[in-house]
Amino acid sequence: MTADFDAIVVGSGMSGGWAAKELAERGLKTLVIERGRHIEHGADYTDFKAPWELPNLDAVPEREQVHYGGRALPASMAHFRIKEDEHPYSVAEGKPFRWFRGYHLGGRSLMWARQSYRMSEMDFEANKKDGYGNDWPIRYGDLAPWYDHVERFAGISGQAEGLPQLPDGQFQPPMELNCVEEVFRDRLHEAYPTRRLTIGRCAHLTQPTEEQQALGRGECQARSLCPRGCSYGAYFSSLSATLPAARKTGNLTVVTDEIGHSVVHDPATGKASGVRVVDAVTREHKVYTGRIVFLCASAIGSAQIMLNSRSEKFPTGIANSSDMLGRNLMDHVSGLGANGYLPGYADQYYKGRRPTGFYIPRFRNVTEDADFVRGYGFQGGASRGDWRRGGGQIGIGAELKQDLRTPGGWSVWLAGFGEMLPNPDNRVTLHPNKVDKWGIPLLHIDCAYGENDLKMARQANRDAVDMLKAAGFQGVRERGDEPHEPGRAIHEMGTVGMGRDPKTSVLNGFNQAHDVPNLFVTDGACMASTACQNPSLTYMAISARAAHHAAEFLKEGKI
Amino acid sequence: MSSSPSSGFSRRQLLSGSARLAGGLAVGGGLSACGSSEGKEPTDELAAKLAGLTTRDAVRRPGHFFSVAQFRLLERISDLIIPDTDTPGALAAGVPQVIDRMMVTWALAETQGEWLEGLAAIDTRARREHGMAFVGLEPAVQFDLLSRHDADALSNGDQNYRQIKSTIVEAYYSSEPGATKELRYDPVPGPYQGCVPFEEIGRTWAT
Ligand SMILES: Cc1cc2nc3c(=O)[nH]c(=O)nc-3n(C[C@H](O)[C@H](O)[C@H](O)COP(=O)(O)OP(=O)(O)OC[C@H]3O[C@@H](n4cnc5c(N)ncnc54)[C@H](O)[C@@H]3O)c2cc1C
Ligand code: SF4
């Protein structure tokens, strides 16, 4: 039997784009299946609209907010938001979980905040050392060349710092800190010699390479209109970078509006033979056959497809002989940090809207002890108040106008992201009886923080407050007592974890299902731990690496 | 905040089906008086009389949300909050039109009711203090009254007024004259410069 395609990739987001590019570049006829609609790079973006060209002050009509969980949101970004009421999921009683999705070509690579940090050796060793979760089957050294590879292609701007907990990468020139951020950096180093503040490492081109220019990508113009889509292709997304590169090979086919339903398993060969899809419009089913299958439908999405791939051999979902499928759902502990303001520096301002902030790498359990395991980093930024303060301040008329001509004082924010421990009881399952409008069982999410996560959150708040106070900030306030509910960091991962032992993990060190050798899962589902860094750069490196090995295995006739 | 002081209508009435019209009149009717209801708290009866559209001011304009009188009040308030100076103000920037459009295409009934209540509260104050509709007062008197209302409402956490003021401010600084003439607007700044003396830029960035 000849297959329709050499490789099938489900999902066109951050990891699917990478898988498609690497597989197609290795000569494999590759099909990408995307459940959402087609988005045309450039033409479907709203970044060239001036504020006065956006109706209703760019607010989504109030009557439409029900589709977005009752939230107000900029209309110029609504084209990348799902109508949440059309895509329900259920959660366990008293355990809220926010599942933030992007269902369109490019997935959340169009929506992300582009913060890009490597995981370090200590992150890959952590599970083994303290005993929480499965030992990662790979180490930093396995991934380092792939970090190099994806950074060179994606374009990451940043400053080398030589820190063991946050390895440097192949950086394009860093963006600048502003004056008050420099003051904060220097005072922080004085007060806490082992804590660092560095400019945010972000997937923006500050010095485009020839390869990037050949893909039509240009230098970042500091407009901060990124969530509308960037017509300059200045930030990394599947649409600006990986899919165009994959298309250049002539080996790529993309279908949109087709929902991955399940992976078809052939008991005769023990392999996956293809992917069943439901047409999002007609609801018709069909099967694409392929020699290898990559699931890149996002951490929870890939788990859903696998759980829904039930057969005689795998009654609880494909490749689930370990019963670990859907388990160890994690996110970053978020909603931590503090705000404050700094008097003075009224004669200093900045030019441009920098699309990144600064970063304070982890110090807990690196250079400073804690009463919990693992740690957190802080994102942050300083800026001056703008005209918005005028809406709430007393005074009208010419005086108000005159006052708002001058920017307000300097304020700073710190937002901590903490490492959440793996826990097999935090899991996703298929809902026993509810289905979506395509007949696919809904996902049921049962996830809560553990004691270590909450301890860490409290300390992160204290650290944030102390750092701001030590640096002379005033009016310092914690962001909140309790962390946000899991899911809010939008760094959901786990659920189809990598591990060394087929009895306790679903994937091996090449992201290959222990039970089904030609099935690969390379999105956040594969993560054995979260570290505290924003994860997408790691998904990219892992996807590229897995695609490389999958192509090799195929060539060698191993799968 | 359960009742609209100028009309005695409860908020629930304002939000209920027929209250769309009545709510409009809570301000439109009250404002329309031009002498006829001077010094009196408008009653439901008065509002009902005015609902007969015997006065020009209660006239609703097709395709618009605010009645003629309500819109005139909104124009005055916008102009007083952000006047013309050496740069255009809220009127030249079309702020009242933007807000009227928002009421039609963006706001739900509850928000519409809040706007009408917020506007009515200003008019009621004019009637209480001067026995006259706000728009009938001398500009200097209007400025004095709105200044005091602004201070009171913002210190009391009056959300209706805060919404009105912040929307006027936002609509102005998001407009072309507000962003480009009053403030500095740069759609394509080029590489970010972190430390620039304020005097080199001169004004707040619009975005
Ligand atoms: C506002 C925001 C800010 C963020 N900021 C950062 C940041 O600064 N740094 C960082 O590292 N990460 C950030 N993230 C997270 C980042 O976007 C995700 O980690 C990343 O996109 C995950 O990649 P993925 O390939 O797993 O999933 P996605 O990018 O979500 O792609 C999954 C794709 O699969 C498709 N799909 C899903 N189910 C199916 C199915 N059944 N069949 C077919 N297709 C399917 C989806 O439509 C989507 O296109 C942010 C996310 C958001 C929303
Ligand atoms: S800040 Fe840079 S990446 Fe973002 S929209 Fe502007 S040019 Fe594009």
Side-chain angles (χ1 to χ4, degrees), chain A residues 48 50-63 65 75 173 175-182 199 206 219-225 232 346-356 384-398 400-402 404-408, chain B residues 77 80-83 85 87 89 93-94 98-99 101-102 105-108 110-111 143 146-147 150-151 154-155 162-163 165-180 182-183 185-207:
Chain A
F48 281 115
W52 53 89
E53 293 170 334
L54 298 163
N56 296 325
L57 303 179
D58 200 24
V60 161
E62 288 191 314
R63 95 186 77 81
Q65 287 175 11
M175 295 193 190
E176 292 181 5
L177 294 172
N178 62 43
C179 290
V180 162
E181 291 167 343
E182 284 178 354
I199 183 68
T206 49
E219 186 181 344
C220 178
Q221 300 299 318
R223 303 177 301 160
S224 274
L225 299 174
Y232 295 102
D347 53 351
Q348 294 296 340
Y349 210 15
Y350 35 75
K351 183 172 181 299
R353 296 174 293 282
R354 191 186 56 196
T356 184
R384 296 190 68 169
D386 62 18
W387 50 262
R388 277 178 189 79
R389 71 187 191 276
Q393 94 188 19
I394 291 173
I396 64 169
L400 171 68
K401 223 175 143 185
Q402 184 63 32
L404 297 179
R405 280 185 177 178
T406 309
Chain B
I77 291 170
L80 287 161
I81 291 178
I82 314 256
T85 51
T87 64
V98 167
I99 292 173
R101 195 81 211 122
M102 284 183 76
T105 62
W106 169 80
L108 282 176
E110 180 171 350
T111 302
F143 182 83
L146 189 62
S147 293
D150 176 83
L154 292 176
S155 354
R162 169 137 192 176
Q163 172 166 250
K165 186 178 186 187
S166 56
T167 309
I168 288 170
V169 166
E170 181 171 359
Y172 174 68
Y173 290 106
S174 306
S175 73
E176 188 163 10
T180 64
E182 171 64 15
L183 299 183
Y185 174 68
D186 190 349
V188 186
Y192 177 80
Q193 292 169 252
C195 293
V196 183
F198 173 61
E199 56 187 33
E200 273 180 32
I201 296 168
R203 300 262 172 106
T204 306
W205 289 114
T207 61

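By convention in this document, chain letters (A, B, ...) are assigned in the order of the sequence lines, proteins followed by strands, and residues within each chain are numbered from 1.
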**Q** Of all of B/Met102, B/Glu176, B/Arg162, B/Glu170, which one pairs up most often with chain A through heavy atoms under 4.5 Å apart?
**A**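 Option with the top pair count is B/Glu176.
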**Q** Less than 4.5 Å to any heavy atom of chain B: does that hold for the side chain of A/Arg388, its backbone, both, or neither?
**A**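 Neither; nothing under 4.5 Å.
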**Q** Given a strict heavy-atom distance threshold of 4.5 Å, which part of A/Leu57 is in contact with chain B: side chain, backbone, both, or neither?
**A**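 Contact with chain B: backbone and side chain both.
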**Q** Between A/Leu225 and chain B, with a heavy-atom cut-off of 4.5 Å, which part of the residue counts as in contact: side chain, backbone, both or neither?
**A**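 Neither the backbone nor the side chain of A/Leu225 comes within 4.5 Å of chain B.
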**Q** If you count heavy-atom pairs under 4.5 Å between each of A/Asn178, A/Asn56, A/Asp347 and chain B, which one has the most?
**A**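 Sorted descending by pairs with chain B, the first entry is A/Asn56.
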**Q** I'd like to check the salt bridge (Lys or Arg N to Asp or Glu O under 4.0 Å) partners of B/Asp186; sequence neighbours left out, ordered by chain and number.
**A**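 Partners of B/Asp186 under the salt bridge (Lys or Arg N to Asp or Glu O under 4.0 Å) test: A/Lys351.
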**Q** Sub-3.5 Å donor-acceptor pair from the side chain of A/Arg384 to the main-chain atoms of A/Gln348, do we have one?
**A**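 Flag set: sc A/Arg384 to bb A/Gln348 pair under 3.5 Å.
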**Q** Would B/Leu154 and B/Lys165 count as a side-chain contact (heavy atoms from CB on, under 4.5 Å) here? Give the steps.
**A** CA-CA 10 Å; B/Leu154 292 176; B/Lys165 186 178 186 187; 3.8 Å; yes
**Q** Between B/Pro197 and chain A, with a heavy-atom cut-off of 4.5 Å, which part of the residue counts as in contact: side chain, backbone, both or neither?
**A**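 Both backbone and side chain.
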**Q** Is it the backbone or the side chain of A/Val180 that comes under 4.5 Å from a heavy atom of chain B, or both, or neither?
**A**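 For A/Val180, neither part sits under 4.5 Å from chain B.
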**Q** To the nearest 0.5 Å, what is the distance between CG (A/Leu400) and CZ (A/Arg389)?
**A**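 Here the rounded value is 9.0 Å.
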**Q** How close do B/Ala179 and A/Trp52 get, heavy atom to heavy atom, and via which atoms?
**A**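 Shortest heavy-atom separation between B/Ala179 and A/Trp52 comes out as CB-CZ3, 3.8 Å.
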**Q** Side chain, backbone, both or neither: which part of A/Glu219 has a non-hydrogen atom closer than 4.5 Å to chain B?
**A**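 A/Glu219 touches chain B through side-chain heavy atoms alone.
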**Q** Return the option, out of B/Trp205, B/Phe143, B/Tyr192, with the maximum number of heavy-atom pairs under 4.5 Å with chain A.
**A**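 Sorted descending by pairs with chain A, the first entry is B/Tyr192.
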**Q** For side-chain contact (heavy atoms from CB on, under 4.5 Å), just list the numbers for B/Thr85 and A/Gln402, CA-CA rounded to whole Å, side-chain angles, deciding distance to a tenth of an Å, and then say yes or no.
**A** CA-CA 9 Å; B/Thr85 51; A/Gln402 184 63 32; over 6 Å; no
**Q** Quick one: list whatever passes side-chain hydrogen bond (donor to acceptor under 3.5 Å, both in side chains) with A/Arg353, sequence neighbours left out.
**A**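 B/Thr207.
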**Q** Heavy-atom pairs under 4.5 Å with chain B: which of A/Gly392, A/Ala398, A/Ala75, A/Gly390 has the most?
**A**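 Winner by heavy-atom pair count: A/Gly392.
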**Q** Can you say whether B/Ala107 sits under 4.5 Å from chain A via the side chain, the backbone, both, or neither, judging by heavy atoms?
**A**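 Interface part for B/Ala107: both.
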**Q** Please classify the contact between A/Glu182 and chain B as side chain, backbone, both or neither, with a heavy-atom cut-off of under 4.5 Å.
**A**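 The answer is the side chain of A/Glu182.
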**Q** In terms of heavy-atom proximity below 4.5 Å to chain A, should B/Val188 be classed as side chain, backbone, both, or neither?
**A**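 Contact with chain A is through both the backbone and side chain of B/Val188.
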**Q** Which of the residues A/Gly397, A/Gly352, A/Gly408 is involved in the greatest number of heavy-atom pairs with chain B at under 4.5 angstrom?
**A**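 Max contact count across the listed options: A/Gly397.
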**Q** Could you tell me which non-hydrogen atom of A/Leu404 sits nearest to which non-hydrogen atom of B/Thr204, and how far apart they are?
**A**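 It is O-OG1, 2.7 Å.
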**Q** Chain A heavy atoms under 4.5 Å from B/Leu108: which part of the residue, side chain, backbone, both or neither?
**A**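 Both backbone and side chain of B/Leu108 come within 4.5 Å of chain A.
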**Q** Supply the atom-to-atom distance B/Leu80 CG to B/Leu146 CG, rounded to the nearest 0.5 angstrom.
**A**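 It comes to 5.5 Å.
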**Q** Select, from B/Glu200, B/Arg101, B/Gln193, the one with the greatest count of heavy-atom pairs under 4.5 Å involving chain A.
**A**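 The option with the most such pairs is B/Gln193.
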**Q** If the plane angle is over 60° it's perpendicular, under 30° parallel, otherwise tilted; pick one for A/Trp387 and B/Tyr173.
**A**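 Parallel, since the angle between the ring planes stays under 30°.
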**Q** Flag the one option from A/Glu181, A/Lys401, A/Gln65, A/Gln221 with the top tally of heavy-atom pairs under 4.5 Å to chain B.
**A**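 When all of A/Glu181, A/Lys401, A/Gln65, A/Gln221 are compared, A/Lys401 has the most.
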**Q** If you take all heavy atoms of B/Ile201 and A/Tyr350, which pair is closest and at what distance?
**A**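 Minimum heavy-atom contact is CD1-O, 3.2 Å.
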**Q** Examine whether an atom of B/Ile168 lies under 4.5 Å from a heavy atom of chain A, and if so say whether it belongs to the side chain, the backbone or both; otherwise answer neither.
**A**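 Contact with chain A involves no heavy atom of B/Ile168 at all.
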